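Quick caveat, the model's predicted, so the values are computed rather than measured. Chain A is the first sequence line, chain B the second, and so forth, proteins listed ahead of strands; every chain is numbered from 1.
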Number of protein chains: 2
Amino acid sequence: MMNRLFRYVPILTWARDYDRAAFGNDLIAAVIVTIMLIPQSLAYALLAGLPPEAGLYASIVPILLYTVFGTSRALAVGPVAVVSLMTAAALGNIVEQGTAGYAVAALSLAGLSGVMLLGLGLLRLGFLANFLSHPVISGFITASGLIIAASQLRHVFGIEAEGHNLAEITLSLIAHLHDINMATAVIGISATVFLFWVRKGLKPLLRRVGFGPAMADIAAKAGPVVAVVATTMAVWYLDLADAGVQIVGNVPQSLPPFTLPSFSPALLQQLLLPALLISIIGFVESISVAQTLAAKKRQRVDPNQELIGLGAANIGAAFTGGFPVTGGFSRSVVNFDAGAQTPAAGAFTAVGLAIAAMALTPLIYFLPKATLAATIIVAVLSLVDFSILRRSWAYARADFLAVLVTILVTLSVGVEAGVSAGVALSILVHLYSSSRPHIAEVGLVPGTEHFRNIHRHKVQTDPRILTLRLDESLYFANARFLEDVILTRLAYDELIAHVILQCSAINEIDFSALETLEAINARLRDMGVTLHLSEVKGPVMDRLQQEHFLQELSGKVYLTQYEAACAVGLQPDRA
Amino acid sequence: MMNRLFRYVPILTWARDYDRAAFGNDLIAAVIVTIMLIPQSLAYALLAGLPPEAGLYASIVPILLYTVFGTSRALAVGPVAVVSLMTAAALGNIVEQGTAGYAVAALSLAGLSGVMLLGLGLLRLGFLANFLSHPVISGFITASGLIIAASQLRHVFGIEAEGHNLAEITLSLIAHLHDINMATAVIGISATVFLFWVRKGLKPLLRRVGFGPAMADIAAKAGPVVAVVATTMAVWYLDLADAGVQIVGNVPQSLPPFTLPSFSPALLQQLLLPALLISIIGFVESISVAQTLAAKKRQRVDPNQELIGLGAANIGAAFTGGFPVTGGFSRSVVNFDAGAQTPAAGAFTAVGLAIAAMALTPLIYFLPKATLAATIIVAVLSLVDFSILRRSWAYARADFLAVLVTILVTLSVGVEAGVSAGVALSILVHLYSSSRPHIAEVGLVPGTEHFRNIHRHKVQTDPRILTLRLDESLYFANARFLEDVILTRLAYDELIAHVILQCSAINEIDFSALETLEAINARLRDMGVTLHLSEVKGPVMDRLQQEHFLQELSGKVYLTQYEAACAVGLQPDRA
């Protein structure tokens, strides 16, 4: 009972050893992360189509819940770019942006995703996320980054534009190009250029003047704060809001409110697939950051408990005015580099953001949306990496195909279709290749007891004996392929009287495959050909003995391939 | 060019050697199969919800086309029980039975299925059918058999009943039980009992009085003809049609008409999934009969050419008043046992049925539908075999689960849902098990250079070295499992300084898995642990060399596990 409690509530384990040193380290990390998170939270709320305060709310209670239930010591939970884009895409099809229904639907999406994550964690189904392969994720994030950057251009130029894929957004941007607001464009473009310089130019500069790599990185991450302060002051001082610059405006000064998501079955049904995709994408992103950081200190994160932690965080978001959240890459790295030792750093960050939500919101009244858009663009363009196409092409065509389809479908149709197509295609490709396993015809290496592929080695064979080695486990999808290979070989070679199946690489034979082996045995018997097995592994032999297959086998089971071949008449050359 | 023609039109190959002996044998077989097919065709048309002549039409042109394009020398193509049931289920949801639209939709279903089969064959995608595993098919056919038998009870008792699953049909039968027609019930029950006796009692009797097994079997297969003649005469002589016995009635005396299926996009879209399922089920049934019969004579059938043959047959059915057809089990066996030597036997059968359609149809005016229902019930109940549940349970729980779900869903929801659930579940179970591959921790067998599982053998290990052997290829769905196993092991064992991965059973590493190996390498390096590989297969090594993984690998690649272990400090005991 207590063990289970400790397993599901990791805070009970680490909080016992919490000391002053850890407190100091966690507090410093929290201050740095808080400063970085304020503009980021506002920006991602904008990306998700929600009012800016939703970004702050989504970073407070979810972080606290993750602190209690999560296992990673450095993961920082909150709104992230790709998940915010997926939120906008999911809700955009159902309710109109800017309406009260939109915000409620965002709560439902977070809640549904939270329940799914929690369920997967409790049922220990974290392995399902493995079906989202690395190349598919890379392709998906690259394509999403492009869509996000394109969608934010409207804020940078102060024009209208809509759409869920690159073509729609681009066409919409072009159609509205004449509405461009000059003041907005000046702010947006300068903020973007400044932020790119901070990322590319400032860091090397700081390194040259003596900063350590971690500190230089953290300073560069504070760039958005500088941009926010500078452009806010510019708008206020120059009355640019009157010149048509869109500003954040009134943001309520409050702690996260208690909110109720909608439980409408019709809405929940529409959100089912998006919530599942958001859960899986969010989990995979989060777990890979968490594992990378944990490994650096030889610590462990438990994937199933991470699902529970992220599930709790999202359910928290649903009841406190937020939207779907997950572990963010850059903020977690900053947290780690700044010295966070325990999840308590996350709790302190939550307190920092709560203070911001209560006290600082009047200060961002004049913050231009163009600045937030610039921070998003700079953040997501660092995720765009087409090298995955070149690398997967060089490695294997099947992997390349999965990446290419993911990128093309994401860009041309949208995020949900893109990630679904990628997952489906990679599973199909895997099934296809495993349904045509490698089958080698083998012969005896003279002077030894070893059997090798007749096409690669100079080996001794006997025209009356066909020996095949199957390099994969036998299961329903590939057993008939083996049958096909054997029957084709026999139809064109009347001399063969014995078939020996070398089973050294077969780890498992499922029931279908057993039935196929029975069929092969019966068909060979009809042809007057004997079937033998050799080198059957222990667990496979146990299985075969449960059925009557071994009694009906026309030949025998031999311990070694050599023994089998000699028993049916091979005369080894004594070379 | 000519080669390709010969490949796609197998008749060109076998017709050249056709001689008088083959002609004689084929003709005898054709006469026997024709007699057997007449009642069967009428009955399956009834099962599919179509007028009886559709069954005859579906057996004429399709057989001729299969003769030209098929590769099996004994397969008899035409309407079969399970496919007829699936046709009724597919059309029943869309159009009302008995209307002109229903017959046209049946044509479209055959045409669509034919195009799909043809496409799969030309694209050489026959392997897709492998995903329908043996246990799933057995479960599906057993459940379908029960549904068909239940659905025919209404004709046996002369009452109304509807439904696409066992519960619906049973409830409907019970609700209409008071409408029972006594004359019909007498005919239906006696025909059923007679046919069961023919199958179970007549065959042993004939064997005892000296018939050979093949002839006894063929005589038993002629039982339905006797029942048809006897009950037709009874109805005619006793005026039972006036007593409410449903009869076949007027059947046009004609060759198969030229018909046009509907090309309505809305209809075709609704028929898409049913057509796919019918195609796959039909193909799998057909190919397994064809392969069984071909093997008995050491002949070959080519699965992809079979798809083309069946595709042509179904397209033929669509344009000549038929409905979906495939290779039938019992008629093919009769054809084979009666001595059919080439596909010409099929062509002669088609001629026989054409004569029947032109000349014999007036004779079946008084044929009671109850008799046809009885022939269906007796035929399908022989397909019902629940032993698959016991056998799969004894073999492996995963296989049992797939069978059980297929049977339950088929019985409770319907045929399409049942077969889809079975396929989906068996793929999921396979993916799950392959995502958690067997990973053995191995140690040195003293006095040898062999490494074996530390839990099964007395082996020598070194606390600084962790050696794992992965018993499966690495791909996207299982690579992270390996990562998990390694990282968990290291988090709890501070002594380990070297990890050696024995790759002897790894036939392939996909791009995702390579990325995971890179991640494992990087994470181990962060922990100060070195990663080594041993016994990497040639093709895998070729792949790895294309990428920079080997340059970044913290350790080395060794030819053998023994070499690797010694190189990192294992001191073999000289026991």
Side-chain angles (χ1 to χ4, degrees), chain A residues 127 130-131 133-136 288 291-292 294-296 298-300 303 391-392 394-396 398-399 426-427 430-436 438 471-473 475-481 483-484 487-488 490-492 494 505 507-508 510-512 514-516 519 522-524 526-527 543 546-547, chain B residues 127 130-131 133-136 288 291-292 294-296 298-300 303 391-392 394-396 398-399 426-427 430-436 438 471-473 475-481 483-484 487-488 490-492 494 505 507-508 510-512 514-516 519 522-524 526-527 543 546-547:
Chain A
F127 81 93
N130 293 343
F131 290 103
S133 74
H134 267 182
V136 167
S288 77
Q291 284 182 334
T292 306
K296 286 186 199 283
R298 206 161 181 157
Q299 293 161 349
R300 276 299 295 146
R391 291 165 59 215
S392 58
Y395 190 76
D399 292 307
S426 39
I427 291 179
H430 164 68
L431 290 176
Y432 176 75
S433 76
S434 87
S435 78
R436 310 176 68 83
H438 183 238
D471 284 344
E472 200 145 336
S473 285
Y475 79 110
F476 62 91
N478 66 16
R480 285 195 204 121
F481 180 76
E483 180 178 0
D484 237 50
L487 294 183
T488 305
L490 291 181
Y492 297 111
E494 295 278 337
N507 299 310
E508 213 176 270
D510 80 353
F511 191 62
S512 282
L514 177 74
E515 289 193 325
T516 306
R523 283 165 196 185
L524 294 194
D526 287 341
M527 297 181 186
R543 277 279 175 83
Q546 286 168 23
E547 276 282 317
Chain B
F127 82 93
N130 293 344
F131 291 103
S133 74
H134 266 183
V136 166
S288 78
Q291 283 183 333
T292 305
K296 285 185 201 284
R298 206 160 179 157
Q299 292 162 349
R300 276 300 296 146
R391 290 166 58 217
S392 58
Y395 191 76
D399 292 306
S426 39
I427 292 179
H430 164 68
L431 290 176
Y432 176 74
S433 76
S434 87
S435 77
R436 310 175 68 81
H438 184 238
D471 284 346
E472 200 145 337
S473 285
Y475 79 109
F476 63 90
N478 66 18
R480 286 195 203 121
F481 180 75
E483 181 179 359
D484 237 50
L487 294 183
T488 305
L490 292 181
Y492 297 112
E494 295 278 336
N507 299 311
E508 213 177 271
D510 80 353
F511 191 62
S512 283
L514 177 74
E515 290 194 323
T516 307
R523 283 166 197 184
L524 295 193
D526 286 341
M527 296 180 186
R543 280 280 174 83
Q546 286 170 23
E547 276 283 315

Worksheet item: So what's closer than 4.5 Å to chain A heavy atoms on B:S473: side chain, backbone, both or neither?
Response: neither

Worksheet item: side chain to side chain contact (heavy atoms under 4.5 Å, CB included) between B:E515 and A:R391: does it pass, once the steps are laid out?
Response: CA-CA 11 Å; B:E515 290 194 323; A:R391 291 165 59 215; 3.5 Å; yes

Worksheet item: Within a strict 4.5 Å, meaning less than it, do heavy atoms of the A:H134 and B:R480 side chains meet?
Response: yes

Worksheet, complete the sentence: Sorted by chain and residue number, the ring pair (Phe, Tyr, Trp, His ring centres under 6.0 Å) partners of B:Y395 (sequence neighbours excluded) come out as A:F511

Discussion item. Less than 4.5 Å to any heavy atom of chain B: does that hold for the side chain of A:S426, its backbone, both, or neither?
Written reply: both

Fill in: Leading residue by heavy atom contact count with chain B [cutoff under 4.5 Å; candidates A:A396, A:A394, A:S392]
A:S392

Discussion item. With a 4.5 angstrom heavy-atom cut-off, is it the side chain or the backbone of A:E494 that approaches chain B, or both, or neither?
Written reply: both

Practice prompt. Quick one: pull up CG in A:D399 and CG in B:L514 and give me the separation to the nearest 0.5 Å.
Written response: 9.5 Å

Fill in: Structural part of A:N478 lying under 4.5 Å from a heavy atom of chain B
neither

Practice prompt. Output, in order, the C-alpha distance, side-chain angles, deciding distance and verdict of side chain to side chain contact (heavy atoms under 4.5 Å, CB included) for B:F476 and A:I427.
Written response: CA-CA 9 Å; B:F476 63 90; A:I427 291 179; 4.3 Å; yes

Fill in: Set of residues satisfying side-chain hydrogen bond (donor to acceptor under 3.5 Å, both in side chains) with respect to B:N507, sequence neighbours excluded
B:K537

Worksheet item: Non-hydrogen atoms of chain A under 4.5 Å away: do they reach the side chain of B:H430, the backbone, both or neither?
Response: side chain

Worksheet item: Which answer fits A:D526, side chain, backbone, both or neither, if we ask what part of it has an atom under 4.5 Å from a heavy atom of chain B?
Response: both

Worksheet, complete the sentence: Taken to the nearest 0.5 Å, the spacing of B:E472 CD from A:E472 CD works out to 7.5 Å

